[in-house]
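Working notes, beginning with the structure itself.
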Amino acid sequence: MPAPTPVTDFRERGVRILPLDPLLLFATLGLSAASLYIVGTATQDDIPGDPNYYVTRQAAYAGVGILLMLLISRFDYSRLREWKIGIYGVMIGAILLVYALGFSARGSKRAIEIGFFNFQASELGKLLLVLSLSAFVVDRMRRLEDRETTSRIILLTLIPAMLVIAQPDLGSGLVYLAIALAVLFVAGTKWTHFAALGAIAVAAVAIVLVAAPAVGVEVLKPYQVDRLTAFLNPTNNPKKEGYQINQSLTAIGSGGKTGRGDQATQTRLDFLPEHHTDFIFSVVGEELGFVGAALVLSLFALLIWRALRILTMSKNLYGALIAGGITAMLMFQVFVNVGMTIGIMPITGVPLPLMSYGGSSVLVTFMALGVMQSIYARARETATVKGL
Amino acid sequence: MYLDNDRRPTLTPQLAVRVALIGGIALVAFAVIFFRLWYLQVLSGDRYLAEARDNRVREIKVQAARGEIVDRDGRKLVDNRPANAVVLSPDRLPEDLDDRQALYRRLGKLLDMKPRAIERDVEPQLSALPYSTATVKQDVSHQLAWYLLEHRDDFRGADVERVFLRSYPHHEIGAHLFGTVGELNADQEKDPRYRDVALGDRVGQTGVEFQYDRYLRGRNGASRLQVDAMGNLNRRLNKRDPKQGRQLRLSVDLDVQEAGQEALAGGTGRGAFAVMDIKSGEVLGLGSQPSFDPNIFSKGIKKRDYDRLLDEDNGAPLTNRAIQGLYPTGSTFKLVTAVAGLEGGLITPDTPIHDPGSYTVGDTVFENAGKVAHGTLALRQALTVSSDVFFYQLGDQLNSTGDGLGLQHWARRLGMGRNTGIDLPEELPGLLPTPKWRNALYRNKETLEPWTPGHNVNLSVGQGDLQADPLQMAVAYAAIANGGRVLRPRLGQRIEDSSGRAIQQLEAPTARRLKIAPEYRQAILEGLRGAASAPGGTSTSVFADFPIQIAGKTGTAEKGAGRADQSWYVALAPWPEPKYVVAVTDEAGGFGADTAAPMARRILAALFNVKETKLVEGGGSSD
């Protein structure tokens, strides 16, 4: 259990600039750099005549993202508590706006086009949900034992979750649920509540996947069900759902110990679908091998470790709950995305934070990490003031 | 501004436990991912690497031309001709079946084929070999090929490919010998003999094409292409050139083969002949009529044509009567009876036997052909004039001497009722009747009478149940003429490269040796010589003005009521040192001297390069 370490950094005391967690910053920038390298090599043949199409955009997103992160880290997150209703409203409004204005990409309506930037409300929703949900929980801390508190929080989560699942964006919906559970967990909700939620979840999955189709109600689109179950036996249908998994496994496996570099044919010849977005980890595996994949995973481990440490350092409960929610958001996405590429998790369309190409995901992740740095900075500030 | 409940100065133990739990979950998840990556990349890396390579490489087959077949003088018997084939390239073919069916309709109109037939033919090919082209039509005209290439957008997925088609420039000549080629079928695919052959490749199906397929078929080449996930060509990796099959030299003499088939066609049109070197067993000609044009097999034969070739009413042209004919041989069999009588000690070459014109066994009277009485004669004269009574008596006595199987023993040793072992597939052994065989049939009520001495009497002159073919007769006669060696006839001489240089001599199989006293053989040969040259000889008149001296025996096999007799002739030439045996039969030619003997003369003329000024009429003897 990492405890807050005493402040020894003389610069902070002297100059009074707000400190940043250096290791978290290192992991953040390291992953961002890795993303630029991998997106660059993976997409150099994708757009004829413009080998840098994706990498310049990803670099722009990262640049703006770093800027946002630094700005947010200066801002006292605690003030966001007062705006919880507004934040929650903006989240729901943005998601509904996508319904109204969104364009559809491959049958799913997920984004609004703003210039060349595709704004995905469900991505922003991840951060907004953490911020608002944490505030609601803090408000009800005295009645945390009540079942009503837990069910209210779950209900507040289910509304946006269902809206994005219907887009359909199953991955983001599941991230929302993970966030809610993490916030409740960190707040100290009773184990019995989690047990009850677990039972309800099992029942819900059974209804969605088995009972509802049996009576003719289609909760998930058939392709979603296929994608969710394909990883269990990818060779069953090598042409469709199993195809992506097989190609991903082939890509990662063929990378071997040190990777294939320029010979990464799975990526370069387009056998690996979505190689710059959802399956970017497969590209890491193919081009850089076990060594590269392990390096990227180590950066994620560092990120998660620092996030958990910030959780414990937070000067107030609100910061701890936000840190818990963001940690859960990152962990869930990393494990589900990487698990998907190595064939041990279903295909849910969850991006790999910071690594996957995509403005919304990259910007929101940077913003979330900015909030984390803000929590760190306030904690250090308080500690310094108290003379700890 | 902050509410009380937001103050949280220290880490509570409860939160510590929960954070630790989250950290624990993360640790376990990372561990699982690391082990999985270790398994995928380090332990199974090679397998996945191979898979990734397979993913990007497509092999496109380049057909190898089959080796050519030449005759003993190097004259081309079978070669290849380039042709245009309309094929479907799966990479460009529409995915949707409806779109493909539309393509089949357009192609059907262009190629004059039924769209359904195209679909039935092509779809299985496409699913069997997903990246190889499927053939729609083998041999289309240049104009059609050009039209298709110029309108490729209207026929998306269809393409024109250069292929080699087997070509038989001599058409019906030697068709049975050379055999046919056809696509490897599903049964053959499992045969280890076709290990390197893919479904749809053409292999020899009958005849020499089948027998020597291993040498003739060559090795297909391949273009290896790197493609992307959409199947678009990325770059050419490497190419393995196709290797044409080896050239095969047969012992066949094209002139002899031609003469034989023309002679047979000039008869009743159904028959067969065999010409063999009596020392080496090399076959110089082996033919069957009616014949067929094997070219129709090269581009894939239509069912209707195939059925016609199997139809008995047309004479079943696919049957190779020279090795599959099931014929009684008539008096040509007397050579066997003579050997059995001599070696069985029943007679010497000079034992006189009286021939009053008929011979009675039980209540059956066996008569000479034409009811002629030849008087008292010994073996040589009996063969020369073809006395039936002389051999009836031998047959009767052989049936009652020792185990009663003397005739069958010698017939079997001389090759009756068994395969000669020629290098052709689907040879039939025929039938050598024995008491055991007939009595078994009788017990099963498949025949009206059990074995009687009369059956052996019939067999002694090649009548009744005996079934043999010209090649078997040629082998038996050769054995008497070459000192007792029962040869295994051979067609394949050697494997050569395309310029005719020998690569491998095809091994001459060892012959079975029989012990027959030289004076007996000499007596038999002299009897045969007399039959072709002495006054009263059954075929003397046919060969009277022939410049090559020969020995030969006529045969006339009765085929039962209402059916014309089968005509036979077996010749050994040149006399007195025979080098070749010629056996000819015409299924409905009547007396041996009438039809088969003149056919033999035409073949012998081709064999010895004799210029015949006019066709010889048969006749002279009623046997």
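Order of the sequence lines fixes the chain letters, A, B, ..., with proteins taken first and strands second; residue numbering starts at 1 for each chain. On a predicted model such as this, the values are computed, not experimentally measured, just so you know.
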Exercise. Checking heavy atoms, do the side chain of L21(B), its backbone, both or neither come under 4.5 Å from chain A?
Worked result: side chain

Seminar exercise, completed: Output for pair (I342(A) CD1, Q41(B) CD), nearest 0.5 Å, gives 9.5 Å

For this session: Return yes when atom CZ of R193(B) has more than 12 non-hydrogen atoms of other residues, nucleotides or ligands closer than 6.0 Å, and no otherwise.
Result: yes

Exercise. In terms of heavy-atom proximity below 4.5 Å to chain B, should L297(A) be classed as side chain, backbone, both, or neither?
Worked result: both

Problem set entry | Criterion salt bridge (Lys or Arg N to Asp or Glu O under 4.0 Å) on E145(A) and R140(A), from CA distance to verdict | CA-CA 10 Å; E145(A) 307 278 287; R140(A) 291 185 69 94; over 6 Å; no

Problem set entry | Check against side chain to side chain donor-acceptor pair (under 3.5 Å), D76(A) and S374(A) | CA-CA 6 Å; D76(A) 187 355; S374(A) 167; 5.1 Å; no

Exercise. When you measure from the side chain of E286(A) to the backbone N and O of T267(A), does any donor-acceptor pair fall under 3.5 Å?
Worked result: yes

Exercise. Which atoms of V186(A) come close to chain B, meaning under 4.5 Å heavy atom to heavy atom: side chain ones, backbone ones, both, or neither?
Worked result: both

Exercise. So, for W305(A) and F300(A), is the gap between ring centers shorter than 6.0 Å?
Worked result: no

Seminar exercise, completed: Honestly, the part of E51(B) sitting under 4.5 Å from a heavy atom of chain A is both

For this session: Counting only heavy atoms closer than 4.5 Å, note whether F281(A) contacts chain B via side chain, backbone, both or neither.
Result: side chain

Exercise. So which of G289(A), P273(A), A293(A) has the biggest tally of heavy-atom pairs under 4.5 Å with chain B?
Worked result: G289(A)

Exercise. Roughly how far, to the nearest 0.5 Å, is CD1 of I322(A) from CG of L311(A)?
Worked result: 10.5 Å

Exercise. Under 3.5 Å, side chain of S134(A) to main-chain N/O of V130(A), donor-acceptor pair present?
Worked result: yes

Exercise. Applying a criterion of heavy atom separation less than 4.5 Å, what residues of residues 97-107 of chain B form contacts with chain A?
Worked result: none

Exercise. Using the benzene-type ring in the case of Trp, are the ring centres of H151(B) and F155(B) under 6.0 Å apart?
Worked result: no

